[in-house]
Amino acid sequence: MQIKKTYHGVNPELLFDEVRDFVTKQGMVVAEEKIETYSLPSDSSTFISRGTLTFKAEGKTGKADKEYVRAHIVGSAKSEIKLIFDIDESLVSGKKVTALQDDLDFIVGSYEVKSTE
């Protein structure tokens with residue numbers, strides 16, 4: 001399952017930290033986390049951040065090595081930020097996905113750019 005969100009006016013590092021905390025709240029552990037910041041060639045005062053988080057199960061035999069969730073965050077506090085969750089539905093229950101989305105919507109939902117499609 002893939003969840004895509006677009007935000008405007010929120011700090012990408014804040015979003016990165018919130019995503020990490022919300023997914024770990026659902027019983028997963030961080031397997032890898034990386035965030036990098038780049039300046040724009042045309043404007044050295046504007047920065048774009050790129051973050052990746054991967055999550056695995058904690059202490060489950062046989063399933064501990066599988067990636068449960070991967071989150072990608074790209075964007076700038078001065079413009080849009082894109083968030084994509086790749087979730088393995090065979091390993092993560094629908095209840096946990098709903099709880100993750102509810103937490104995310106409560107904290108940063110007011111910054112979400114609503115699609116007109």
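We use all heavy atoms of the structure for the numbers below, so side chains are in, but hydrogens, waters and symmetry mates are not.
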Indicate yes or no for a side-chain donor-acceptor contact from Thr54 to the backbone of Glu32 under 3.5 Å, with no hydrogens or angles considered.
yes
Lys114 versus Gly109, closest heavy-atom pair with distance
NZ-O, 4.5 Å
Shortest non-hydrogen contact from Tyr68 to Met28?
CB-SD, 3.7 Å
For a 4.5 angstrom cut-off between non-hydrogen side-chain atoms, does Ile87 reach Lys96?
no
Do you reckon Val29 sits in the same ILVMFWY cluster as Leu91, going by side-chain contacts under 4.5 Å, direct or chained?
no
Distance in Å, Ile84 CD1 paired with Lys5 NZ, rounded so as to fall on 0.5 Å steps:
13.0 Å
If you measure from NZ on Lys95 to CG on Leu100, what distance do you get to the nearest 0.5 Å?
14.5 Å
Measuring only between side-chain heavy atoms, which start at C-beta, is Ile107 closer than 4.5 Å to Phe22?
yes
CG-CD distance between Leu104 and Glu112, expressed to the nearest 0.5 angstrom
8.0 Å
Shortest non-hydrogen pair, Ser76 vs Ile81, comes out as O-CG1, 3.6 Å
When rounded to the nearest 0.5 angstrom, what is the spacing between CG in Leu83 and NE2 in His72?
10.0 Å
Crowded around Phe47 CZ? As in, over 12 foreign heavy atoms under 6.0 Å?
yes
Reported CD-to-CG distance for the pair Glu18 and Leu15, which is rounded to 0.5 angstrom
8.0 Å
Closest heavy-atom pair, Glu33 versus Phe16, reported as atoms and distance to 0.1 Å, is OE1-CE2, 3.6 Å
Contact between Ile3 and Val97 at the side-chain level, heavy atoms closer than 4.5 Å - yes or no?
yes
Nearest atoms (heavy-atom pairs only) where Asn11 meets Ala77:
CA-CB, 4.1 Å
Look at atom CZ of Arg50 and say whether more than 12 heavy atoms of other residues, nucleotides or ligands are closer to it than 6.0 Å.
no
Examine Ile35 and Val108 and state if one hydrophobic cluster contains both, with Ile, Leu, Val, Met, Phe, Trp and Tyr joined whenever side-chain heavy atoms are less than 4.5 Å apart.
yes
Gap separating the CG atom of Leu53 from the CD1 atom of Ile73, nearest 0.5 angstrom
6.0 Å
Evaluate Asp88 against Glu67 for side chain to side chain contact (heavy atoms under 4.5 Å, CB included), listing each step before the verdict.
CA-CA 8 Å; Asp88 186 334; Glu67 186 176 289; over 6 Å; no
Where is the tightest heavy-atom contact between Phe85 and Val69, given as atom of each residue plus distance?
CD2-CG1, 3.9 Å
Beyond-backbone contact of Asp103 with Gln26, side-chain heavy atoms, under 4.5 angstrom:
yes
Say whether, by atom type as modelled, one donor and one acceptor occur between the side chain of Thr37 and the main chain of Ser49 under 3.5 angstrom.
no
